[in-house]
Amino acid sequence: MPDLSVELAGIPLRNPLLLASGIWGESGRSLIGAWDAGAGGVVTKSIGSRPRPGYPNPTVEEFDSWGMLNAMGLPNPGIAEYPREIRAARDHGVLVIGSIFGGTAEEFARLAREMATTGVIALELNLSCPHAEGFGTEIGSDPKDVEEVVRAVVREVKVPVIAKITPNAADPAELAVAAERAGAKGISAINTVRGLAIDTTLARPVLAHGIGGLSGPAIKSVGLAAVWQIYRRVQIPIVGVGGISSGEDVLEYVMAGARAVEIGTAVAREGVRVFGRIAQELDRVLSERGTDRLGSLVGAAHRGFEIPTADFPP
Amino acid sequence: MPDLSVELAGIPLRNPLLLASGIWGESGRSLIGAWDAGAGGVVTKSIGSRPRPGYPNPTVEEFDSWGMLNAMGLPNPGIAEYPREIRAARDHGVLVIGSIFGGTAEEFARLAREMATTGVIALELNLSCPHAEGFGTEIGSDPKDVEEVVRAVVREVKVPVIAKITPNAADPAELAVAAERAGAKGISAINTVRGLAIDTTLARPVLAHGIGGLSGPAIKSVGLAAVWQIYRRVQIPIVGVGGISSGEDVLEYVMAGARAVEIGTAVAREGVRVFGRIAQELDRVLSERGTDRLGSLVGAAHRGFEIPTADFPP
Amino acid sequence: MHRIVEIEDRVLETPSTVTWRFPYAEPCAPGQFVMVWIPGDDELPMSLSYTDGPSKGVTIKAMGSTTRHVQSLPTGTRIGIRGPYGNRFDLTPRRILVVGGGSGTAVLAPGAEQALRSGAQVTCALGATTELELLFAKRLTAAGARVEVSTDDGTAGTPGFVTAVADRLLAEGSFDAVWTCGPEVMMRKVAESARSRGIIGYGSVERHMKCALGMCDACSLGPYHVCVDGPVFRTETLLSLEEFGRTKRDPSGRRVPL
Amino acid sequence: MHRIVEIEDRVLETPSTVTWRFPYAEPCAPGQFVMVWIPGDDELPMSLSYTDGPSKGVTIKAMGSTTRHVQSLPTGTRIGIRGPYGNRFDLTPRRILVVGGGSGTAVLAPGAEQALRSGAQVTCALGATTELELLFAKRLTAAGARVEVSTDDGTAGTPGFVTAVADRLLAEGSFDAVWTCGPEVMMRKVAESARSRGIIGYGSVERHMKCALGMCDACSLGPYHVCVDGPVFRTETLLSLEEFGRTKRDPSGRRVPL
Ligand SMILES: Cc1cc2nc3c(=O)[nH]c(=O)nc-3n(C[C@H](O)[C@H](O)[C@H](O)COP(=O)(O)OP(=O)(O)OC[C@H]3O[C@@H](n4cnc5c(N)ncnc54)[C@H](O)[C@@H]3O)c2cc1C
Ligand SMILES: Cc1cc2nc3c(=O)[nH]c(=O)nc-3n(C[C@H](O)[C@H](O)[C@H](O)COP(=O)(O)OP(=O)(O)OC[C@H]3O[C@@H](n4cnc5c(N)ncnc54)[C@H](O)[C@@H]3O)c2cc1C
Ligand SMILES: Cc1cc2nc3c(=O)[nH]c(=O)nc-3n(C[C@H](O)[C@H](O)[C@H](O)COP(=O)(O)O)c2cc1C
Ligand SMILES: Cc1cc2nc3c(=O)[nH]c(=O)nc-3n(C[C@H](O)[C@H](O)[C@H](O)COP(=O)(O)O)c2cc1C
Ligand code: FES
Ligand code: FES
């Protein structure tokens, strides 16, 4: 049996498969469900300062097995309510990473302070929601903003801080570099890719919010590209997110440079059983390749790789 | 029979279906093939100052019917050689849009001047290739650079200038606004989305260049989002590109704000027959919806649409 | 993926309840629900009140802003449908007691009809606040069920709550299964009655829904997600859940009293 | 999608030509080609020289840097394969003349074998620069073909070009079809001979390839794309193309003399 355990920002994980933020993360009981099903850890829904219902429905549009759009609008019960859910999960032994979102560095810092008291093993800063006015990409697409937010949070808390980076940027690696400089202990990449679907019969966007975020297999290559580029620029560990639904997918992310991964859309329909299935598949592919420790493959695809020139002699 | 003709930057097109840059665009004979098969116009391969073989193979990776990665590396015969191909197409009556790429505003301007003498109906500036060091996204992701390049080109030529915008940016609409300000007469959006695939058996990227660009149905929603956001910010017409493979897809783009569209990956395997098929499908969906003029639907999905707040009363 | 359909038929079942019929080819089973998109307004989970044939149906009770406003939409109105989602009633029991409260009867009716067609004995206890609000009593009688009604105000049938009628029927006859849908306090009562008599019960429950895909957690109920693990649960299971009959989550995910 | 396979067998056919056999389950037909990825080096189009059974094969002639360097790769080396791509030879003619020049014989051999197995008469004219470079003469003889060879230097068979042998065979016998692959000047000669005798001809051509999907235009030949419309064309078609036998495009798309 290959060893699937990894260390992420100093935290030992039994396996690298984390529940992605926004999926099954509203109730402590669901977090427990993901953990019991085999997740190596869970990331909470992104929590803000106040209760927020999110956008009206339709909030999701599934167009195929390979892709889905959502614009939930960051619904969350607020930082005053949510800790009870985390505690329920913690009491069960779940390793919980607390995700927060805010509109300013001060708001992030305040939320971080409160979140850090709930027993989370780390914080994930959502700097990357593509469809929430004033939050998300707006604050997460400028390296200076990223640096400021991360610095403000790191100053407040002792737990490791992970910055979740948007793919909707000219150079996601630049954002990761800014986060590292400001003291982040890890990078998550990516959040959803900005997308839209129109119903042509009605001549209107399907999602109530119009613009949403694309997730699922369609964005796997986008997430891999981000992880690849970030790995070449930072020392801190990377959590790969985007389109993962098999053990092979996890291995691609690990070889691109990820130390752990998050799984989101693949939980739809199949439920958290997906963690057990993927862990098994990962086990099998590692055995097939004669590798006994997943950790040894982090960044393996970079070894010996050189970018060729386009002017090679014809 | 609904009227599929549209006017793009003052140019009447018999239909809105253009051949996308980089597809079937190396030889004049292929451009003729696309035109004879029913395209409303064709965009050439992006042409640079010198012959450029592009990256070594593998240059493409098809992972599924819904997505493909490529890193061709902008192969092209160079501006000295290529005009003969355009002339062959022009002599056949093909409406040709000449695509160019460069590393500086001066280089773009020089290329534009030469390209404009070949009888092209418009120029498309490739400001958006995600995998060519020194070109593409690097020059196309900063509004200031975009403005400078477009201004330099517009100064040199009389034909309408269309700026092709990258989706790999925090705010593609910002780039479009910069192009409009500088005198562009149209916006094409989008080019491919930065992506990567790793072969886990070999522990290396599949494409020789590593990073490539994702195209095909997987990016349709990404292109739609860009067109949607650009339409809300500029007056000039928009050419929608990305993942189009049916009449329905075209209608989605038109309703999002596109006046014409480009078709790329869908040409793979099916060939340029795809233009006839999509035109027919478009015809059918318009008839079904009782619309007699495609042009009347440009931007239709914006009418009456309002972005809801995420704080709607629970 | 939404399918846009037109409301092809519209029946005002009660002063506050409308049934829409619409063409929808997907196979659907009694117990399942669809997400109904009212373009420009909201998208709501609705149980299928008609599951057979090419025309499916939903029956909508005016509860809040959207469900009130849609009561008056004319036939021909275009709506979006996705689904069906969720699980279904077990149609194998041969002697079924159906206990419906208010619009809860909507989800029970197609299953009762199918069971009757396959030869089962179906007894229905239907409750409403008042006579005019009784739902599907005629439909179920016509289908061959024995139907007993109750109204809170006594305008029809037994005065009082439907749980009393259900208890009496349970005492009188012998049943293999009880199906129920309605307010959770009512369902809890029915569930307890069934348990005390050792009869298997199934209840269909409602929670706030967003994705209907088992992803967003909006509809979580204990360890379950109503959209994929439900909406039909064994009443035993429901009774074991601390939240059942007591709390739900609002759209922000906050726990609120039912 | 590449499939990574190991070279399971390796045969040095001539001093400059190696055949690789590898497991590849996709159904393949004579005439088709695959893209062969040599990780860390290049990916090249290669006709299938073995198309039947679970083990397919390619036969690689040392032409340039990659094809030279791969001659020495040992069995067990991992390569990537995608495909098969392109069209196939028409196997219905009953009397076939096969004219192969150099490594061009690789793409002709599996079709000749299949035709022979189905009872066709196959006559082969195989040419090479010198005896040691003759490809698949034994293989085709063993399969039941009548094989005539020629060498430029006269070390085996008829001295001179294979086109002379082909012309003699065409004069002697009667054929329903001619298949040819080799340098384009040779193929042009063969095509003209076939035309002058009113025999249908098929030629397999090569052009620079990148995508192999009919998209990038690298392999364009007149209005065709060799990767999807070919590599097998009617020789009549080839003769009508200004570029055939004269020019090709280099990787940048520039037209260069053949
Ligand atoms: C599986 C399922 C099946 C249902 N079947 C039916 C049915 O057959 N007939 C029927 O009349 N009703 C049914 N409902 C309930 C129906 O969805 C709500 O009554 C409706 O959404 C209220 O919408 P509104 O905008 O009018 O209400 P609001 O004014 O928004 O609120 C009124 C009540 O409805 C609830 N509600 C609002 N939106 C939703 C939502 N997206 N999901 C769940 N609850 C919501 C609110 O929490 C509140 O309790 C079902 C619900 C579920 C979960
Ligand atoms: C459909 C098809 C089938 C082929 N089948 C065979 C075969 O069965 N056996 C065989 O030995 N050869 C075959 N070839 C030719 C083979 O692909 C080239 O000889 C090989 O690519 C040369 O690689 P190199 O790196 O050694 O050459 P280079 O040093 O790069 O160049 C040598 C020659 O090969 C050509 N070449 C290089 N790369 C490519 C490419 N990607 N596509 C096409 N030509 C290229 C060059 O233009 C040049 O003429 C086939 C080609 C095609 C198009
Ligand atoms: C329904 C839904 C809700 C999400 N909510 C959040 C969120 O609250 N915070 C966050 O950082 N990411 C959120 N995401 C993004 C995911 O965590 C993840 O980054 C993205 O979906 C890509 O992974 P996937 O393809 O595995 O889903 C959400 C995604 C989905 C589909
Ligand atoms: C093989 C290939 C080559 C391309 N080359 C170019 C190019 O030279 N210039 C350019 O502007 N876009 C180029 N593109 C991008 C396409 O024009 C188009 O923007 C993109 O593929 C999205 O459209 P699609 O999904 O229809 O393919 C290329 C795309 C592909 C797949
Ligand atoms: S509605 Fe989203 S999980 Fe059930
Ligand atoms: S190799 Fe790309 S079109 Fe043929």
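A side-chain donor from one of D/His69 and D/Asp41 sits under 3.5 Å from a side-chain acceptor of the other. For the residue pair B/Glu81 / B/Asn76, no side-chain donor-acceptor distance below 3.5 Å is found, with atom types taken as modelled. If you check the side chains of D/Ser16 and D/Glu133, you find a donor sitting under 3.5 Å from an acceptor. Donor-acceptor pairing under 3.5 Å is recorded for the side chains of B/Ser30 and B/Ser27. Side chains of B/Thr166 and B/Asn191: no donor on one and acceptor on the other come within 3.5 Å.
Proximity to chain B is absent for every atom of D/Tyr224, based on heavy atoms less than 4.5 angstrom apart. Only the side chain of B/Glu85 comes within contact range of chain D, with heavy atoms under 4.5 Å apart. Proximity to chain B (any heavy atom under 4.5 Å) is restricted, for D/Met35, to the side chain, taken from C-beta onward.
Put simply, of B/Val206, B/Val267, B/Val272, B/Asp36, the one with the most heavy-atom pairs under 4.5 Å next to chain D is B/Val206. By number of non-hydrogen pairs under 4.5 angstrom with chain D, the leading residue of B/Ala268, B/Gly264, B/Pro75 is B/Ala268. Heavy-atom pairs under 4.5 Å with chain D peak, among B/Gly22, B/Pro51, B/Gly25, at B/Pro51. In terms of heavy-atom pairs under 4.5 angstrom with chain D, the leader among B/Met68, B/Glu270, B/Lys45 is B/Met68. When each of D/Pro223, D/Ala212, D/Cys227, D/Ser220 is scored by its heavy-atom pairs under 4.5 Å with chain B, the top score falls to D/Pro223.
In this structure, B/Gln280 places its CD atom where only 12 or fewer heavy-atom neighbours from other residues, nucleotides or ligands lie under 6.0 Å away.
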